[in-house]
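Just so we're on the same page: letters track the sequence lines, and every chain starts at 1.
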Amino acid sequence: MNKGTDRTPLTREFFDRPVLDVAPDLLGRILVRSTDEGRIELRLTEVEAYAGEVDPGSHAFRGRTPRNSVMFGPPGHSYVYFTYGMWHCLNLVCGPEGMASGVLLRAGEIGVGAEMARKRRFSARHDRELAKGPARLATALDVDRALDGSDVIAGPKAALSVLRGTPPPRDQVRSGPRTGVGGDGSHQPWRFWIDGDPTVSPYRAHAPRRRST
DNA sequence: GGCGGGATGATCT
DNA sequence: GATCATCCCGCCA
């Protein structure tokens, strides 16, 4: 990790903005996960924006449910969901409150605590694959539903927090369609990543699963 | 390295 | 009962 990285936690105001402002601005920030075993730090390299109840790709599209209720609460909190029967994904809720918008954290580079991440991600061949993909990121950082609703601006001692880090130059930020989102939500360029970064997950077009016969 | 397909279960209609 | 913001393995090149 760069010397001179800004280790100040992000503020509530940072998250209390429209999701399309917050999402690209999260690139290069440092996500800190603290557990009994130690600390893992990850530099965010890929994210996706989900624009609340107006976005067909969003869990909040059909309104508030017990699972997604955190998305409707104050910005600066984590929303963790369980999917495909096996995996967790980590999101950060953005403002304004009640909009139910969030940013899916899709990939990052582990700078501190790689040993712990390797233990949890034993099948990864290279360190750049430890958090390449949203479920891998959550697995590497030991994130599950127990962390749903965590306040991420409480400082680096909290279970989950985000520090200012070092955002990339504007011309290194790319955007494109979101991964795995079909239907009306598929054409918005709401996926953001750092150009050329080896930890960015490969794009896969949305492919409807075959009907079982 | 690039694919096809199976695994697996909470959630919501 | 369909959907799901996925990953990994095995196979082929």
Side-chain angles (χ1 to χ4, degrees), chain A residues 19-20 22-24 26-27 31 42 44-72 75 77-94 99-108 110 117-149 152 160 174-193 196 198-213:
Chain A
V19 66
L20 291 181
V22 175
L26 277 168
L27 296 174
L31 180 65
L42 173 140
L44 291 168
T45 59
E46 182 189 358
V47 300
E48 276 176 6
Y50 286 85
E53 292 179 277
V54 299
D55 178 2
S58 169
H59 280 178
F61 184 56
R62 280 168 232 285
R64 185 174 185 147
T65 68
R67 176 174 68 159
N68 67 22
S69 64
V70 167
M71 294 188 80
F72 290 79
H77 290 250
S78 58
Y79 167 52
V80 180
Y81 66 89
F82 183 67
T83 191
Y84 289 99
M86 269 178 280
W87 312 107
H88 294 277
C89 292
L90 171 61
N91 305 256
L92 300 178
V93 178
C94 296
M99 244 334 196
S101 297
V103 179
L104 171 67
L105 307 183
R106 290 195 55 88
I110 304 223
R118 281 189 209 110
K119 244 193 255 178
R120 302 187 48 78
R121 292 268 306 116
F122 53 86
S123 65
R125 296 200 178 188
H126 304 279
D127 278 5
R128 62 176 176 272
E129 292 170 354
L130 288 173
K132 186 180 193 155
R136 293 170 176 181
L137 186 153
T139 301
L141 270 55
D142 197 12
V143 168
D144 61 22
R145 284 282 287 168
L147 285 176
D148 187 43
V152 301
L160 213 49
R174 293 283 181 274
S175 64
R178 292 177 293 185
T179 303
V181 175
D184 293 338
S186 61
H187 302 301
Q188 310 288 358
W190 289 350
R191 172 177 175 251
F192 302 94
W193 67 94
T199 61
V200 173
S201 61
Y203 173 70
R204 278 200 287 269
H206 177 75
R209 308 222 264 144
R210 273 185 14 191
R211 306 184 59 90
S212 58
T213 52

For dC3(B), which nucleotide is its Watson-Crick or G-U wobble mate, given both distances must be under 3.5 Å?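 Pairing partner: dG10(C).
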Base paired to dA5(C) (Watson-Crick or G-U; both N/O distances under 3.5 angstrom): none
Would you kindly give the [atom1]-to-[atom2] distance between [X] and [N], to the nearest whole Å?
X         : N       : atom1 : atom2 : value
His59(A)  : dA10(B) : NE2   : P     : 15 Å
Glu46(A)  : dT6(C)  : CD    : P     : 10 Å
Arg178(A) : dC4(C)  : CZ    : P     : 13 Å
Leu130(A) : dC7(C)  : CG    : P     : 13 Å
Arg62(A)  : dA5(C)  : CZ    : P     : 10 Å
Glu129(A) : dC8(C)  : CD    : P     : 9 Å
Asn91(A)  : dC4(C)  : CG    : P     : 16 Å
Phe122(A) : dC8(C)  : CZ    : C1'   : 10 Å

Just compare [options] and give me whichever is closest to any side-chain atom of [X].
X        : options                 : result
Phe82(A) : dA5(C), dT6(C), dA10(B) : dA10(B)
Tyr50(A) : dA5(C), dT6(C), dT11(B) : dA5(C)
Pro66(A) : dC12(B), dA7(B), dT6(C) : dC12(B)

Got a donor-acceptor pair under 3.5 Å from the side chain of Tyr81(A) to the base of dA5(C)?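 Per atom types, the contact qualifies.
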Using a 4.0 Å heavy-atom cut-off, does Arg121(A) contact any base of the nucleic acid, only the sugar-phosphate backbone, or nothing at all? sugar-phosphate
Under 3.5 Å, is there a donor-acceptor pair between the side chain of Arg120(A) and the main chain of Thr139(A)? yes
Within 6.0 angstrom of Arg118(A) CZ, more than 12 heavy atoms from elsewhere: yes
Does OP1 or OP2 of [N] have a side-chain N or O of [X] closer than 4.0 Å?
X         : N      : result
Ser123(A) : dC8(C) : yes
Arg106(A) : dT6(C) : yes
Arg136(A) : dC8(C) : yes

Apply side-chain contact (heavy atoms from CB on, under 4.5 Å) to Leu160(A) and Leu90(A), showing your working. CA-CA 11 Å; Leu160(A) 213 49; Leu90(A) 171 61; 3.9 Å; yes
Going by the side chain to side chain contact (heavy atoms under 4.5 Å, CB included) test, name the single residue among Asp127(A), Leu141(A), Leu31(A) that passes it with Ile110(A).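 So, applying the side chain to side chain contact (heavy atoms under 4.5 Å, CB included) to Ile110(A) and each of Asp127(A), Leu141(A), Leu31(A), only Leu141(A) qualifies.
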Tyr84(A) over dC7(C), stacked by centroid distance under 5.5 Å, angle under 30°: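 Aromatic stack with dC7(C) absent for Tyr84(A).
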Name all residues meeting the side-chain contact (heavy atoms from CB on, under 4.5 Å) criterion together with Thr83(A); count only those two or more places apart in sequence or in a different chain, and write none if there are none.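 Testing Thr83(A) for side-chain contact (heavy atoms from CB on, under 4.5 Å), a comparison that skips the adjacent residues, returns Tyr81(A), Trp87(A), Cys89(A).
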